**Q** 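A single structure is presented below for examination.
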Amino acid sequence: MGNQHKFDTKVQVIKYKVLRTVAEYAWEGTLLENVMEIPQKIMPGKTPTMRCCVYKERAIIQERLKLAVGGNRYDKKVIQVIDIACDDCPAGGYVVTSSCRGCLAHRCAEACRVGAITFGEDQKAQIDKSKCVECGMCYKSCQFGAISNYKRPCEMTCKVGAISMGEGKEAQINYDKCISCGACVYMCPFGAITDRSYILDVIEFIKNKESAGYKVNALIAPSIASQFNYASLGQIMTAIKDIGFDNIYEVALGADMVAESEAEELAEKKFLTSSCCPAFVAYIEKNFPSLKDKISHNLSPAGTLGKFLKEKDPDCKNVFIGPCTAKKAEFQRKEYTGYIDSVITFEELQALIDSKKINVPELEETKVDDASYFGRIFARSGGVSEAVKQAFQEKGIDFECNPVLCSGISECKKALTLADKGLLPNNFIEGMACVDGCIGGAGNLNHDQKSRAQIDNYGKSAEYKDINSAIQKAQNIDD
């Protein structure tokens, strides 16, 4: 396929291959006839490349394929586990390591409340997993540090405690806790957790647009400036046009609109949390219900822009393209109904580009310059607060914004806990579920350390240097 250089991991490459192949057949209108042949096409021959046998590899591809074509339409959950792929991580939990000296004190056994620790002939400790309740008391009591707590990557990366092990030792997701951030999707080294795709819906929008008489809009998240490093941003915009999108709009313009409105709301209410990150919003709703009324009543930048475009052209189809798996849950919320028609990630955009066999580095550039510097920097942690402060200044509002910047759910939890107790000294919580903000999103092609600088440079290149100029110009967007 020749695209591994575009991604961080081989897991992403496999996911991409499935999406690209699905898209190729969908454009041709032959997906139904070929869907059963896709696993063998992607994993040909009889020699396995990753698993015990090629047949298991194909079985996993088949499960990936189900989610690539949209999965069960009655099951709206965005993040899902591929059970058959989840079998190579250790069971995890507390284990005795070779550092155990077989001491006489036996503090670990004394600390264990359920009698799960015994001693072998060599007097070294053993943990009976059928009794162990994973309380960690043995771990805390061992003076040699000979007991370790091994957690699977998905469990470690899930900061909301939504992932545990099922009866078959496979990962399982507690959807009462899951916020669809996708951290587990990116971190699972076996690709056993993935996000459902709406790529077929987007293809259908484009294929049917002429006969149905509507336009398809691409709403591009500002974090795109940190992606697709094999070509210029202008060439990527041309590629999006070549896929079949009629118009391209910067979601950063929606961010400008949100910053202006959020500044007014903060000045009125005196305390607010941002509403830009759907995973952060879901986290508050599920874990801090007493703070739900403190969430900004603004839609996210994508929702705000989508609403703006629908008011000008009610028949258009708005497709959000960005780094965020949680956006796939957001556009299904009732307050977003009718504003955003579908969501795909940058990973899926790459699959669409290649399914059309578009040679991006050879394309001319298309300029898209809708937003201000401040709207564009929403893509990284701290950007929302900078934009809100700028909006106060431009609108002449006499209010001091004292924000706390939360990069990742762990930092969000700290700030929200203090706010819930009335102990937070700040009056604005900028919450980003992904570390560093949208540039750390699970749907990105890569997570480069240069991403923050790329976003700042992208912001500086904006034609509009203030928020109001971008918004005023937007009022003249043609229907």
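These figures come from a predicted structure and were not determined experimentally.
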**Q** Keeping the roles fixed (side chain from Glu260, backbone from Ala391), state whether a donor-acceptor pair exists under 3.5 Å.
**A** no

**Q** Any donor and acceptor pair, going by atom type alone, linking the side chain of Gln227 with main-chain N or O of Leu445 inside 3.5 Å?
**A** yes

**Q** Between the main-chain N or O of Lys151 and the side-chain N or O of Glu155, is there a donor-acceptor pair closer than 3.5 Å?
**A** no

**Q** Check whether any side-chain heavy atom of Glu262 lies under 4.5 Å from a side-chain heavy atom of Ser296, and answer yes or no.
**A** yes

**Q** Spell out, as yes or no, whether a donor-acceptor pair under 3.5 Å connects the side chain of Ser342 to the backbone of Val202.
**A** no

**Q** Between Cys184 and Ile193, what is the shortest heavy-atom contact and its length?
**A** SG-CG2, 3.7 Å

**Q** Could you tell me which non-hydrogen atom of Lys327 sits nearest to which non-hydrogen atom of Ala302, and how far apart they are?
**A** NZ-CB, 3.9 Å

**Q** Considering all heavy atoms of both residues, which atom of Ser407 and which atom of Gly437 are nearest to each other, and what is their separation?
**A** OG-N, 4.5 Å

**Q** Are Tyr186 and Asp8 close enough, and set up right, to give a side-chain hydrogen bond (donor to acceptor under 3.5 Å, both in side chains), and what steps lead you there?
**A** CA-CA 10 Å; Tyr186 178 69; Asp8 283 343; 2.7 Å; yes

**Q** Look at atom CD of Glu400 and say whether more than 12 heavy atoms of other residues, nucleotides or ligands are closer to it than 6.0 Å.
**A** no

**Q** Do other residues, nucleotides or ligands put more than 12 heavy atoms under 6.0 Å from Lys307 NZ?
**A** no

**Q** Calculate, to the nearest 0.5 Å, the distance between atoms SG and CG belonging to Cys401 and Leu272 respectively.
**A** 9.5 Å

**Q** Can you say whether the rings of Tyr198 and Phe331 are parallel (under 30°), tilted (30 to 60°) or perpendicular (over 60°)?
**A** perpendicular

**Q** Any salt bridge linking Glu63 with Lys66? Criterion: basic side-chain nitrogen under 4.0 Å from a carboxylate oxygen.
**A** yes

**Q** Ignoring hydrogens and angles, tell me if any N or O in the side chain of His447 forms a donor-acceptor pair with the backbone of Ala442 under 3.5 Å.
**A** no

**Q** I'd like to know if the side chain of Asp369 reaches the main chain of Ala462, judged simply by a donor and an acceptor atom lying under 3.5 Å from each other, with no hydrogens or angles considered.
**A** no

**Q** So, does Asn426 use its side chain to make a donor-acceptor pair with the main chain of Phe428 at under 3.5 Å?
**A** no

**Q** Has Arg380 got a side-chain atom pairing as donor or acceptor with Ala453's backbone, closer than 3.5 angstrom?
**A** no

**Q** Do the side chain of Glu386 and the main chain of Ile377 share a donor and acceptor less than 3.5 angstrom apart?
**A** no

**Q** Any luck finding a side-chain donor-acceptor pair between Asn217 and Asn318 under 3.5 Å?
**A** yes

**Q** Which heavy atom of Ser148 sits nearest a heavy atom of Thr97, and at what distance?
**A** OG-CG2, 3.5 Å

**Q** Working note: Val251 + Phe378, criterion side-chain contact (heavy atoms from CB on, under 4.5 Å); need CA distance, chi angles, decisive distance, verdict.
**A** CA-CA 10 Å; Val251 172; Phe378 263 53; over 6 Å; no

**Q** Going by atom types alone, do Asn298 and Thr304 pair a side-chain donor with an acceptor below 3.5 Å?
**A** no

**Q** Of the non-hydrogen atoms in Thr345 and Ile321, which two are nearest, and what is the gap between them?
**A** O-CG2, 4.4 Å

**Q** Applying salt bridge (Lys or Arg N to Asp or Glu O under 4.0 Å) to Lys15 and Asp195, what does each step give before you reach the verdict?
**A** CA-CA 10 Å; Lys15 181 180 180 181; Asp195 53 308; 2.5 Å; yes

**Q** Let me confirm one number: the CD-NZ distance from Gln332 to Lys76, rounded to the nearest 0.5 Å.
**A** 5.5 Å

**Q** Taking the six-membered ring of Phe271, is the NZ or CZ of Lys294 close enough (under 6.0 Å from the centre) and on axis enough (within 45°)?
**A** no

**Q** Should we count CZ of Phe288 as having more than 12 external heavy atoms under 6.0 Å?
**A** yes

**Q** Counting C-beta onward and ignoring hydrogens, is there a side-chain heavy-atom pair between Met237 and Ile220 closer than 4.5 Å?
**A** yes

**Q** If the threshold is 4.0 Å, N to carboxylate O, is there a salt bridge linking Lys269 and Asp293?
**A** no

**Q** Counting distance only, does the side-chain N/O of Lys129 pair as donor-acceptor with the main-chain N or O of Tyr94 below 3.5 Å?
**A** yes

**Q** OG/Ser275 to CD1/Ile295 distance, rounded to the nearest 0.5 angstrom?
**A** 8.5 Å

**Q** So, are Arg333 and Glu330 salt-bridged, with charged N and O less than 4.0 Å apart?
**A** no

**Q** Does a donor on one side chain and an acceptor on the other come within less than 3.5 Å for Glu264 and Ser261?
**A** no

**Q** With a sphere of 6.0 Å drawn around NZ of Lys465, does it hold more than 12 non-hydrogen atoms of other residues, nucleotides or ligands?
**A** yes

**Q** Quick one: pull up CD1 in Ile147 and OG in Ser141 and give me the separation to the nearest 0.5 Å.
**A** 6.0 Å

**Q** Would Tyr373 and Lys460 count as a side-chain contact (heavy atoms from CB on, under 4.5 Å) if you check the C-alpha gap in whole Å, the side-chain angles of each, and the deciding distance to 0.1 Å?
**A** CA-CA 6 Å; Tyr373 163 83; Lys460 291 173 185 176; 4.1 Å; yes

**Q** Scan Leu67, Ile42, Thr194 and name whichever one has a side-chain contact (heavy atoms from CB on, under 4.5 Å) with Val18.
**A** Ile42

**Q** Looking only at the side chains, is there a donor atom on one of Asp354 and Tyr16 sitting less than 3.5 Å from an acceptor on the other?
**A** yes

**Q** Which value, rounded to the nearest 0.5 Å, describes the distance between Ile409 atom CD1 and Cys406 atom SG?
**A** 9.0 Å

**Q** Aromatic rings Phe346 and Phe228: how do their planes relate, parallel, tilted or perpendicular, breaks at 30° and 60°?
**A** perpendicular

**Q** Is atom NZ of Lys310 surrounded by more than 12 heavy atoms (other residues, nucleotides or ligands) closer than 6.0 Å?
**A** yes

**Q** In Å, rounded to the nearest 0.5 Å, how long is the span from NZ of Lys421 to OG of Ser290?
**A** 11.5 Å

